[in-house]
2 protein chains.
Amino acid sequence: MPAGLSDSKEVLGGKGAGLAKMSQIGLPVPPGFTITTAACNAYAAGGAFPAGLEAETRSSVLALGKAMGKGFGDAHDPLLVSVRSGARASMPGMMDTVLNLGLNETTVAGLAAASGDERFAWDSYRRFVFMYSDVVLGITDEECPFEAIFHKHKKRLKVKLDTEVGAADLKKVVQECLALVKKATGKAFPTDPWEQLWGAIAAVFRSWGNDRAVTYRRMHGYPDDWGTAVNVQAMVFGNLGEQSGTGVAFTRNPSTGDKAFYGEYLRNAQGEDVVAGTRTPHPIEDLKTDWPRIYKELDQVRKTLENNFHDMQDLEFTIENGKLFILQTRNGKRTGLAAVRIATDLVKEKRLGKEQALLQIEPDGITQLLSPVFRGSEKDKAVKAGRRLAKGLNAGPGAATGRIVFTAEAAVAWAAKGEQVILTRQETSPDDIRGMQASEGILTQHGGMTSHAALVARQMGKVCVAGCGELEIHPSKKVLHAGKKTLREGDWLSIDGTTGEVIEGKVETRRSDLLRVISGQAKPSKTGDDARFRQLMKWADAVRVLRVRANADQPDQAKIAVALGAEGIGLCRTEHMFFGEDKLPAMQRMILAENPADRRKALRTILPLQRRDFEGLFKAMGSRPVTIRTLDPPLHEFLPHTDKDIQELSKAIDMPAQAIRARVEALHESNPMLGFRGCRLTGLVPEILEVQVTAVFEAAANVHKKGVKVQPEIMIPLVGHHAELRSHVEVVHRIAKEVMAKKQVKFSYLVGTMIEVPRAALTADEIAEVAEFFSFGTNDLTQTTLAVSRDDAGSFLPSYIDRGIYERDPFATIDRGGVGKLMRTTVELARATRPEIKLGICGEHGGDPSSIEFCHQLGLAYVSCSPYRIPVARLAAAQAALRY
Amino acid sequence: MPAGLSDSKEVLGGKGAGLAKMSQIGLPVPPGFTITTAACNAYAAGGAFPAGLEAETRSSVLALGKAMGKGFGDAHDPLLVSVRSGARASMPGMMDTVLNLGLNETTVAGLAAASGDERFAWDSYRRFVFMYSDVVLGITDEECPFEAIFHKHKKRLKVKLDTEVGAADLKKVVQECLALVKKATGKAFPTDPWEQLWGAIAAVFRSWGNDRAVTYRRMHGYPDDWGTAVNVQAMVFGNLGEQSGTGVAFTRNPSTGDKAFYGEYLRNAQGEDVVAGTRTPHPIEDLKTDWPRIYKELDQVRKTLENNFHDMQDLEFTIENGKLFILQTRNGKRTGLAAVRIATDLVKEKRLGKEQALLQIEPDGITQLLSPVFRGSEKDKAVKAGRRLAKGLNAGPGAATGRIVFTAEAAVAWAAKGEQVILTRQETSPDDIRGMQASEGILTQHGGMTSHAALVARQMGKVCVAGCGELEIHPSKKVLHAGKKTLREGDWLSIDGTTGEVIEGKVETRRSDLLRVISGQAKPSKTGDDARFRQLMKWADAVRVLRVRANADQPDQAKIAVALGAEGIGLCRTEHMFFGEDKLPAMQRMILAENPADRRKALRTILPLQRRDFEGLFKAMGSRPVTIRTLDPPLHEFLPHTDKDIQELSKAIDMPAQAIRARVEALHESNPMLGFRGCRLTGLVPEILEVQVTAVFEAAANVHKKGVKVQPEIMIPLVGHHAELRSHVEVVHRIAKEVMAKKQVKFSYLVGTMIEVPRAALTADEIAEVAEFFSFGTNDLTQTTLAVSRDDAGSFLPSYIDRGIYERDPFATIDRGGVGKLMRTTVELARATRPEIKLGICGEHGGDPSSIEFCHQLGLAYVSCSPYRIPVARLAAAQAALRY
């Protein structure tokens with residue numbers, strides 16, 4: 001992207017800059033001009049237009065009229081304009097827009113005459129009055145029920161559609177509405193086009209400060225002083241008859257990334273008709289035969305755009321009486337798969353550098369390449385068996401199978417119970433976002449490739465089949481009709497987001513091809529997605545500074561993590577190792593033992609089993625570092641709680657049920673999260689620590705003897721005070737010494753701690769005297785810093801995010817303002833004591849791109865995340881390194 | 001106290017400094033010298049004596065011999081020395097002492113010759129061997145059962161008392177023991193006096209690091225690097241016959257504060273005989289007739305000491321062959337009552353300035369003046385009814401009634417269940433401290449006024465009857481015999497620590513006289529304790545900077561708080577107001593309501609009741625500020641949980657039990673402490689906030705109209721993010737405006753928040769934009785910062801304090817290293833945004849002297865504590881102001 005352009009976004013807003021650039025590179029943009037963001041800020045500060053704004057605007061409008069061959073307020077061929085907001089970044093639907101500005105009793109007649117379509121003219125006037133009254137005059141629906149008035153007339157005329165109302169009746173509607181405005185406001189609706197224009201510009205300025213916009217900015221972290229620009233543009237109309245039309249298009253396929261023009265159009269329609277999903281648009285390919293001249297022009301536009309914007313573009317166009325106008329262009333949203341393909345293709349086409357390519361991909365999207373596909377020929381079999389119900393648009397690629405739910409609430413509730421669900425809606429709206437997130441896939445009856453469901457699903461990396469008109473979906477009745485078949489809530493359904501097919505029943509899914517290659521189940525290709533993926537990761541690895549580790553406890557997890565690029569294990573949770581069938585009874589005996597000797601005896605039976613587990617892990621990880629956390633959860637988690645289970649255990653270990661129950665009760669806690677666990681437990685019951693550490697070092701010694709340069713790192717959880725850690729560190733060193741002496745080997749190891757208690761963060765200087773490394777346990781650190789229990793947050797935290805109190809879920813993305821401050825303090829204090837201290841993160845935030853960026857800024861050594869998030873982390877780390 | 005003396009304590013330890021000063025002011029101190037604390041620290045660091053120590057010590061010992069006219073190791077008239085520890089502050093019984101050092105086969109004969117008492121010489125040698133083997137050689141009782149050997153000989157001789165064993169048999173005992181030492185250690189017991197001395201000095205140095213001493217330091221917050229001094233002093237003997245003796249005394253009565261010599265002595269005895277309680281000593285008054293010369297000398301010493309130390313002294317003396325020696329002096333421990341009397345008397349006597357007087361009183365002790373006494377003639381009736389079991393020493397004044405327990409563990413356990421207990425022991429030891437803390441009172445069979453039980457009880461302000469020899473206490477059998485009566489664990493018992501009486505059964509207690517005066521139940525006196533108390537508080541108020549408020553919800557609490565000096569209410573917990581019989585059903589209906597309208601309806605019935613409560617509070621507090629916290633606890637606390645209670649509620653409010661149970665289950669939380677409560681709740685159910693705030697402002701308006709300048713302060717709990725607070729503040733301002741308009745009054749009020757969530761502390765700058773005041777909720781702030789649930793901490797926190805991880809219970813005394821850091825950050829950030837912000841504390845720490853000192857250092861405006869702690873807080877605030 002040439003220098004200066006991002007600047008122009010700051011001044012002209014994203015939309016204004018795009019229009020300016022398109023105009024520069026000779027694309028057919030409706031003439032217009034942009035009032036800068038500086039003017040908005042001046043208006044906000046002074047409550048009035050800055051000096052000179054009116055005069056400049058006036059001359060710009062006159063120039064516009066000249067360019068269009070029309071006159072603003074001209075009685076015969078009036079210039080109409082749109083007045084739109086446009087901030088530095090896209091804030092869809094947050095701010096105000098006024099269309100068709102310049103109409104009044106006189107100009108409407110001129111428009112009718114010039115267009116030869118009186119109905120069109122009066123309908124435009126009606127739309128303008130409705131919009132202006134709402135946006136500029138701030139008239140509420142209660143004060144002036146415009147839609148109700150319109151509806152009343154349609155009822156009188158016994159028609160259903162707006163288009164069935166003729167010019168004469170539209171005139172009646174408009175006049176009735178204008179009278180109402182006068183009554184409600186005490187002032188006549190402005191008829192002077194200039195007065196209309198000043199009002200609209202002021203309204204756009206003001207809309208920067210409306211609640212929706214402020215909330216949106218808070219959510220996205222956009223500063224208030226950006227301000228919005230105002231784009232004033234000559235109106236062009238796609239609804240002037242069959243020589244007019246409108247459409248939206250992507251310069252490449254946003255689902256697959258294919259280098260092919262992709263989009264939809266409608267003749268005799270306005271933009272909103274395409275997006276709203278009320279009329280089903282035609283694929284852009286149809287233009288080739290339907291309207292070859294326009295297709296050729298558009299295809300040229302497509303190339304010009306990509307050459308100049310260096311990215312796949314999402315554009316809006318209108319054809320007015322045979323003349324093509326490009327209304328808007330912006331970088332197009334795409335699936336993860338498409339993102340990888342487009343970015344690598346653009347580099348190959350030399351349209352983009354490698355680093356720019358890395359920055360172009362939403363890291364979260366990559367997970368899509370690892371998401372499941374249908375297993376073997378399962379789907380084919382299902383189709384042959386007649387289970388294919390319908391085919392819709394392949395709006396979000398991938399395979400999903402789950403049980404039908406009809407509302408977002410149900411999706412969330414069922415998913416919370418561990419069910420896989422397919423959210424099935426007529427069409428989706430922003431209210432459905434949480435439900436979409438909770439679902440395996442989304443299926444809609446209405447809407448196209450650019451409908452809400454399709455856009456959001458692609459962004460989320462969700463499987464989606466949209467606009468499946470063969471189905472009838474009745475959310476209120478909780479049924480779905482597919483021809484003669486009826487499916488109900490809870491029935492199994494499968495959708496193929498790559499083909500758009502909808503299949504009755506469950507179709508087993510399997511690993512994606514990329515994952516098959518990565519896990520050695522399939523051979524690598526030279527040009528396929530796996531090759532592109534390798535290419536991209538290579539570029540990312542070359543620039544990133546952060547190392548990436550995996551959270552893994554089992555050798556098979558460790559192997560896939562290494563295949564996905566893990567450079568070590570950042571968190572091995574050893575408690576999982578106690579839950580095995582072969583180990584749990586011994587663990588239970590240990591907990592129920594009445595003295596240290598019995599405890600040790602019970603633990604001794606676990607030792608060889610744990611040692612074997614660790615050997616597997618060390619072998620899988622080779623010479624990479626492996627961080628092993630000692631026991632963290634409270635003891636009661638290992639004991640049965642129901643009478644039946646207690647009875648069974650009683651028999652199994654020959655101990656009275658009464659005694660077991662008493663112990664279970666004694667271990668009960670009011671707030672287990674803040675209770676007797678982690679180092680508090682191993683500090684008082686050191687036998688557990690001893691057996692775990694012995695197992696680690698014996699395993700390390702055994703594997704080391706086979707020539708593997710093991711790097712164990714023992715991590716003590718829940719430390720809040722350096723003295724807690726100190727006693728643990730002593731035990732670790734003692735056992736390490738004993739084992740190495742006994743096994744006659746020597747290898748290096750580290751002892752460190754989690755930072756997950758605020759007090760540990762606040763006293764990191766003291767703790768760093770004892771710890772050789774820190775790993776931020778941001779899950780617990782978030783719980784304690786915010787005093788929010790993750791298990792209980794469901795009753796209020798979602799509303800906090802909706803209300804913009806927290807911009808994002810603090811359990812998904814590090815709360816930089818709170819938890820982040822503590823992390824920064826920790827880093828500073830720790831380095832003051834021990835400059836070479838190794839710092840990492842192993843909370844779930846370690847796989848979140850924004851949090852990874854923050855970790856890069858803090859200068860951590862590594863992030864650790866679940867194996868399947870590793871590619872995301874590698875890319876996010878690279879982006880952070882490129883940005884900061 | 002003259003300058004330089006406190007320095008000398010740092011170098012010489014308390015005991016050494018006392019000896020040096022006594023020597024300076026001409027008191028008869030046995031000659032000696034002190035090895036400095038610096039030498040101890042050097043020994044601890046290097047594991048060996050610092051250079052020069054041996055040579056200096058050697059020349060000091062030689063000088064000592066010269067002063068005493070004896071020779072160290074001299075065969076004819078040997079110099080014996082004591083080697084004692086002495087830290088900066090008294091740590092009774094925590095460290096080691098060796099007496100009679102310098103004895104061996106040769107010098108024992110010299111001692112026999114010089115004293116003319118062979119038995120005395122050999123008994124001294126026996127004591128030395130026993131003590132040295134234990135303290136210096138570290139020989140355990142299992143290795144060398146000295147006492148058993150001695151006992152065996154007494155059995156053989158058919159005698160009971162040590163004193164009945166003659167010189168020849170003592171010699172046998174000694175020789176048998178010396179042989180055993182050689183066998184056990186493989187080395188002969190050292191016979192060279194110098195070798196003995198080096199061993200003893202090293203042992204004292206080492207004892208600074210023993211477990212007991214470390215624990216004691218942690219409990220009292222003494223730093224490890226103080227080190228201990230070593231006092232080497234010529235031995236003097238009180239057991240050289242009837243012209244010898246020993247005793248301990250206080251210059252004033254430590255129980256009552258009376259200006260009268262107070263103490264105990266024994267003829268022909270050593271110090272340990274007085275303290276151990278094995279022989280019952282005589283009151284010091286008896287000396288007047290028994291040995292008038294010595295009494296006169298002692299009385300002169302008493303005056304000299306008070307004139308020079310400006311405080312009541314606790315002294316030890318020995319008379320050797322008619323010559324008086326003062327072995328030790330230190331500021332005497334005293335009851336709270338005595339502390340107040342002594343301090344005010346010393347000021348009156350012009351021995352002390354007011355400010356020094358304030359610094360002389362342990363703030364916690366004052367609560368004793370407010371602690372209960374027996375109700376009316378209840379005790380007299382009990383005595384008349386023959387329920388008086390015995391009379392012991394009035395070691396800790398006050399009245400206590402409770403159920404008998406025989407061990408410290410039982411005391412802790414029973415108290416945890418809410419039982420009042422009387423800890424009943426033969427004698428107490430440092431192991432019993434926690435049990436003593438948990439008890440209403442302490443009763444011992446053995447020991448005098450200066451026994452462990454007596455000293456510690458007075459320090460704690462606990463009621464104590466000591467040395468009640470009429471009782472037979474059998475802890476192992478859990479019975480107590482009083483003549484023919486037998487009492488068992490759990491039986492009720494009452495003790496009068498002011499008279500020493502022990503009463504069978506429960507005797508109701510009542511308010512103390514001071515509290516009766518304060519609460520208007522009795523008339524003030526001119527010279528009584530209430531007058532002294534007022535005097536002292538006046539002095540305190542004159543110097544303190546911190547304001548003191550009360551945590552109170554009820555008008556009667558508020559009244560007593562004001563009488564005790566409260567300058568406002570710092571925390572009114574409104575949830576208590578929902579628990580009243582007249583309000584709970586409405587609250588429950590509100591919680592169970594299914595929509596905001598029903599919720600409002602239920603809450604409307606609470607409004608007038610809450611308003612009435614607040615009116616009472618405002619009236620009681622007059623023009624003082626009243627901080628009212630809006631609802632804090634989670635809703636489930638208001639609902640029944642047992643089936644029976646649910647059934648009852650179901651009937652009462654005519655709602656199916658099933659529905660109630662479902663709601664109770666829905667409200668269940670894994671970690672309620674971190675759950676849906678405080679502003680999270682009132683943010684989502686604003687009706688609760690609205691009714692509470694309306695009740696506050698309507699009440700304030702009504703009371704204001706009656707001419708009282710009310711100052712309500714609305715406090716929002718559990719805020720973690722400024723946006724949470726913002727929405728609450730808007731509601732408060734809206735309602736305040738409405739109510740003032742409706743009631744046609746105007747008064748000022750504040751809106752602020754608790755700081756109890758780490759995130760709030762970290763973002764105090766943002767929160768201060770919205771809050772007019774902060775009140776540290778250090779209970780919750782400690783829970784979240786340490787990630788420790790107070791309810792669950794019992795399983796590990798006591799061991800943390802025992803192990804010295806936390807020096808003191810962080811829920812009693814602010815953890816300055818962790819929570820304190822957050823508080824400091826908060827103060828700095830808050831003032832940066834709003835320099836005039838009002839800052840206070842309302843956690844339980846607000847009544848803890850050390851925490852109050854910290855609040856003073858932070859520059860808070862006020863502390864708030866329970867009404868009965870207010871005098872403590874006033875005094876502690878004054879001390880803080882004098883110290884910093």
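All chains are named by letter (A, B, ...) in the order of the sequence lines, taking the proteins before the strands, and each is independently numbered beginning at 1. Worth knowing before you read on, the calculation uses all heavy atoms, side chains too, and leaves out hydrogens, waters and symmetry mates.
Scanning both residues, B:Gly817 and A:Thr763, for their nearest heavy atoms gives O-CG2, 3.4 Å. Considering every non-hydrogen atom in both B:Leu822 and A:Leu762, the closest pair reads CG-CD1, 3.4 Å.
Residue with the most contacts toward chain B among A:Ser789, A:Ala723, A:Ser727: A:Ser789 (heavy-atom pairs, distance under 4.5 Å). Chain B forms the most heavy-atom pairs under 4.5 Å with one residue out of A:Asp815, A:Val819, A:Leu797, and that residue is A:Asp815. Each of B:Leu674, B:Asp791, B:Leu667 has some count of heavy-atom pairs under 4.5 Å with chain A, and the biggest count is that of B:Leu674. Here B:Ala787 is the residue among B:Gly818, B:Ala787, B:Gly794 with the most heavy-atom pairs under 4.5 Å with chain A.
From A:Thr785, atom OG1 reaches atom CZ of B:Arg759 across 9.5 Å, with rounding to the nearest 0.5 Å. In this structure, OG1 in B:Thr825 is found 9.0 Å from NZ in A:Lys821, a value given to the nearest 0.5 Å. Taking OH of B:Tyr800 as the reference point, atom CG of A:Leu684 lies at 7.0 Å (rounded to 0.5 Å). Taking CG of A:Leu681 as the reference point, atom OG of B:Ser795 lies at 9.0 Å (rounded to 0.5 Å).
Listed for the B:Asp792 side chain is a donor-acceptor partner under 3.5 Å among the backbone atoms of A:Ser670. Checked by atom type and distance alone, the side chain of A:Asn671 pairs as donor or acceptor with a backbone atom of B:Met673 at under 3.5 Å.
Residue B:Asp780: no heavy atom, backbone or side chain, is found under 4.5 Å from chain A. Looking at B:Ser799, the atoms closer than 4.5 Å to chain A (heavy atoms on both sides) all sit in the side chain, from C-beta outward.
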Residue pair B:Arg680, A:Val788: steps toward the side-chain contact (heavy atoms from CB on, under 4.5 Å) verdict | CA-CA 10 Å; B:Arg680 298 169 189 172; A:Val788 171; 3.5 Å; yes

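Between A:His721 and B:Tyr806, the ring planes lie perpendicular to each other; the angle is over 60°, past the 30° to 60° tilted range.
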